[in-house]
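Here is the structure we will look at.
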Amino acid sequence: MRTRVRTAVLISGRGSNMEALIAAARSPDYPAEIALVLSNRPDAPGLSRAREMGVAVQAVDHKIHAGREEFERSMQAVLDIHRIQLVAMAGFMRMVTPWFAEQWRGRMINIHPALLPAYRGLDTHARALADGVRVHGCTVHFVVPAMDEGPILAQAAVPVLDADTEGSLAARVLRQEHRIYPAALARVARGGLTVTGNRVYDAETAAEPPALVVPPV
Ligand code: GAR
């Protein structure tokens, strides 16, 4: 059997994307194994969920560390102990230092609830609604030493409907997050990607998807 890429999922809260990654990795032909779930919050609900799902968990509490680098060195030590090869941030709400980002360049990915480079940062759904955009979505990207930047691996676009509230839009985007994150992690774990500037090229060409036009024409 092919060896699977040992992956850590970094969380801070609920962990629904983490759950989608663990579920996908249960399939025997999935190229990554979720070997660890690590949280900066010891009380993150995702930690108990991961434990229930049979995955090793570890909390590294950022509050008991003197600074960001010290916190990250503790995280790095845990990742080393578990022989982690890939890191997937899933609702991990800590900015990382250039040191940590460089350490994992090309081997660390993140999911963001917006179509980057639009709506970096927080409150993406409320800001998209306030701007009146008709299309919103989510992005999986490689992590670089700048917040919500880095070569884009995958995006899913969803319509913004007249009746939408922040909650309904967040839920529509989240359903797509759960689809594209496992697929994007699999592509990275399989290898064969080339990154040139901000563009990610795949050795395999996928079929062209249809356009999303809102309202439909
Ligand atoms: C997700 O929507 C994720 O995209 C977002 O936090 C949520 C975590 O939910 N991440 C960010 O905002 C990072 N900037 P989850 O814990 O249920 O996966």
Side-chain angles (χ1 to χ4, degrees), residues 7-26 32 34 36-53 55 57-62 68 71-72 75 86-97 100-101 104 108-131 133 135-158 160 164-186 188:
T7 303
V9 182
L10 268 48
I11 64 166
S12 297
R14 176 178 61 180
S16 72
N17 277 291
M18 167 210 82
E19 218 173 306
L21 295 177
I22 295 173
R26 280 178 171 163
I34 308 304
L36 175 71
V37 170
L38 192 160
S39 172
N40 65 306
R41 291 187 177 277
D43 59 350
L47 278 183
S48 31
R49 186 69 192 117
R51 211 180 284 116
E52 280 166 24
M53 293 177 88
V55 176
V57 302
Q58 177 82 50
V60 177
D61 189 348
H62 66 276
R68 216 173 272 277
F71 160 65
E72 288 178 350
M75 278 209 301
L86 258 181
V87 171
M89 294 179 169
F92 182 69
M93 304 310 268
R94 302 296 296 168
M95 296 252 299
V96 297
T97 64
F100 194 74
W104 289 93
M108 178 155 66
I109 62 179
N110 179 48
I111 188 153
H112 182 73
L115 290 172
L116 291 173
Y119 306 116
R120 295 186 174 116
L122 299 174
D123 301 320
T124 55
H125 309 306
R127 286 156 59 209
L129 283 174
D131 283 345
V133 298
V135 175
H136 184 49
C138 50
T139 302
V140 180
H141 63 97
F142 282 111
V143 175
V144 296
M147 195 186 68
D148 298 331
E149 288 184 32
I152 291 174
L153 279 153
Q155 294 187 303
V158 303
V160 179
D164 268 331
T165 60
E166 194 179 336
S168 64
L169 183 56
R172 189 175 308 117
V173 171
L174 192 65
R175 283 195 291 277
Q176 299 309 313
E177 294 187 38
H178 297 164
R179 294 179 64 202
I180 67 168
Y181 210 4
L185 173 60
V188 176

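First listed ligand is number 1; within each ligand, the first listed atom is number 1.
The shortest N or O to N or O distance between G15 and ligand 1 is under 3.5 Å. By the 3.5 Å distance cut-off applied to N or O atoms, E177 is counted among the residues near ligand 1.
Ranking the protein heavy atoms by distance from atom 8 (C) of ligand 1 puts G91 CA, 3.7 Å first. In this structure, the protein non-hydrogen atom closest to atom 9 (O) of ligand 1 is R14 NH2, 3.1 Å. For atom 12 (O) of ligand 1, the closest heavy atom belonging to the protein is P113 CD, 3.4 Å. Nearest to atom 14 (N) of ligand 1 among the protein's heavy atoms is H112 ND1, 3.5 Å.
The aromatic rings of H136 and Y119 sit perpendicular, their planes meeting at an angle over 60°, well past the 30° parallel limit.
By the 6.0 Å contact criterion, CZ on R120 is enclosed, its count of non-hydrogen atoms from other residues, nucleotides or ligands being greater than 12.
Here the rule is side chain to side chain contact (heavy atoms under 4.5 Å, CB included) with L10, and of N40, V96, N110, L38 only L38 fits it.
Proximity of M93 to ligand 1, defined as any heavy-atom pair under 4.0 Å, is confined to the side chain (atoms from C-beta onward).
No donor-acceptor distance shorter than 3.5 angstrom exists from the side chain of Q155 to the backbone of V140, with no hydrogens or angles considered.
The side-chain heavy atoms of I111 and T139, taken from C-beta on, include no pair separated by under 4.5 Å.
Close approach to S16 involves these atoms of ligand 1, each under 4.0 Å from a residue heavy atom: 15 (P), 16 (O), 17 (O), 18 (O).
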